[in-house]
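Down below is the structure, laid out as structure tokens.
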Amino acid sequence: MIKLLLNNQISEQDIKAYQSKVTKINKMIDEKTGPGNDFLGWVDWPVNYDKEELQRIKKDAQYVRDHFEVLVVCGIGGSYLGARAALEALKGLKSDDKLEIIFMGQTFSPNYVSQVLKYLENKNFAINVISKSGTTTETSISFRLLKELLERKIGKEASKKAIYATTDKEKGALKTLCNQEGYATYVLPGNIGGRYSVLTAVGLFPLAAAGIDVEAMLLGAKEAREAYDNDDLDKNICYRYAVTRDFMLHRDKPVEMYVTYEPQMSQISEWLKQLFGESEGKEKKGLFPSSATFSTDLHSLGQFIQDGTPLLFETILNIETPNDDITIPHDDADLDGLNYLEGKNLAFVNQKAFEGTLKAHVEDGHVPCNVISIDKLDAKTLGHLFYFFMRACAMSAYLLDINPFNQPGVEIYKKNMFHLLGKKGY
Ligand code: PA5
């Protein structure tokens, strides 16, 4: 379902040198013996997911589609990025779906929050609040404001049928509130961390509400699990990619740039940045994940990538067949000089931009470029891709002797902020 072409600065021999480490780590993942092993629930999730809950998610999501104009998805980090990435990748940036999806809870910005609340004043909207801990400040503030607006508009009782929560099975402030108010709730399993949760209710409820085939996504992930649960470095492209990342880091390429030629994939890059950045960036180790959308960013970052400090390698996400295409028309005057492209499709032009840039970066710029190709962007392929990257991330982090599943560094800013805000105990 996906193809991997590794950059020309790593040889088969270099890859093979990792075999014994990869064998050991793959066993560690399967047997759940490595650091952070109580957060490996995502590994078998594509087969072990709660089937009853999925049916409930689909039914409730259909109810939301049939009864509301807008669904506000309220969450941050792993409780936000995956759903947004999949939504944009599959529905595009100008979706005309009957249900509009808006994201909130991912910022303190008074401008953004005020704008969304004002927009919702005259809309018939539902809320999907997502927080594993149930105490994340950005999400909690937004949810308080959204709930207040909703109850003011339609009353407390009716609001109960318009609020859907995804949180821990038993604990946390949000869970207590859900129990008290009787909101529909879905579970973010205790053994799955936020950034590995896109295939749980965290992603599935908003995506099902958007009309996306979430069972196809899970099926894609299941196929990926079957394909990548082995240590054979000749065949396992997931681990070949993970090994290449480690190799690049140790060859003075501390930055990985995710590149796409599809603007609707740029949120996938954001999801990747969180997945790899938060999983690996510890103990003064890890690749710095960055991203660019070409050809747009060739007119901004292109110069640096081609000729600047040689600190990065690219991982290009290439979609071979776009879902839509458009033909360049004839123009009698041809004052723009474009008649040489008359009758050609934009997919053809985008493809040539990709090929020309790849050649420039590899041959002239000596930038190592990996290419991950998928035939088509659909729910099943995306489910496969999500799993591919999560498994590659676990392998990469373990190759660095890092626990991929914690994020101790994230707590420090929170402590300072709580102190400055006057929160009790800080
Ligand atoms: O990956 C993670 O664990 C984090 O990014 C969390 O998802 C994020 O901090 C939000 O946490 P919560 O779901 O508890 O509100």
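One-based numbering, in listed order, for ligands and for the atoms of each. Each residue takes its place number in the sequence, starting with 1.
Within the cation-pi definition used here (under 6.0 Å to the ring centroid, within 45° of the axis), Arg245 qualifies as a partner of Phe276.
Under the rule for a side chain to side chain contact (heavy atoms under 4.5 Å, CB included), the partners of Asn111 that lie at least two apart in sequence or sit in another chain are Ser109, Gln115. With sequence neighbours left out, Asp96 forms a side-chain hydrogen bond (donor to acceptor under 3.5 Å, both in side chains) with no residue at all. Remark: Pro189 pairs with Trp45, Val187, Asn191, Ile192, Thr200 by the side chain to side chain contact (heavy atoms under 4.5 Å, CB included) rule, at least two apart or across chains.
Thr136 places no side-chain N or O within 3.5 Å of a backbone atom of Glu138 that could act as its donor or acceptor partner.
Closer than 4.0 angstrom to ligand 1 sit non-hydrogen atoms from Ile76, Gly77, Gly78, Ser79, Ser131, Lys132, Ser133, Thr136, Gly194, Arg195, Gln274, Glu278, Gln407.
Aromatic ring centres of Phe125 and Phe68: separated by at least 6.0 Å.
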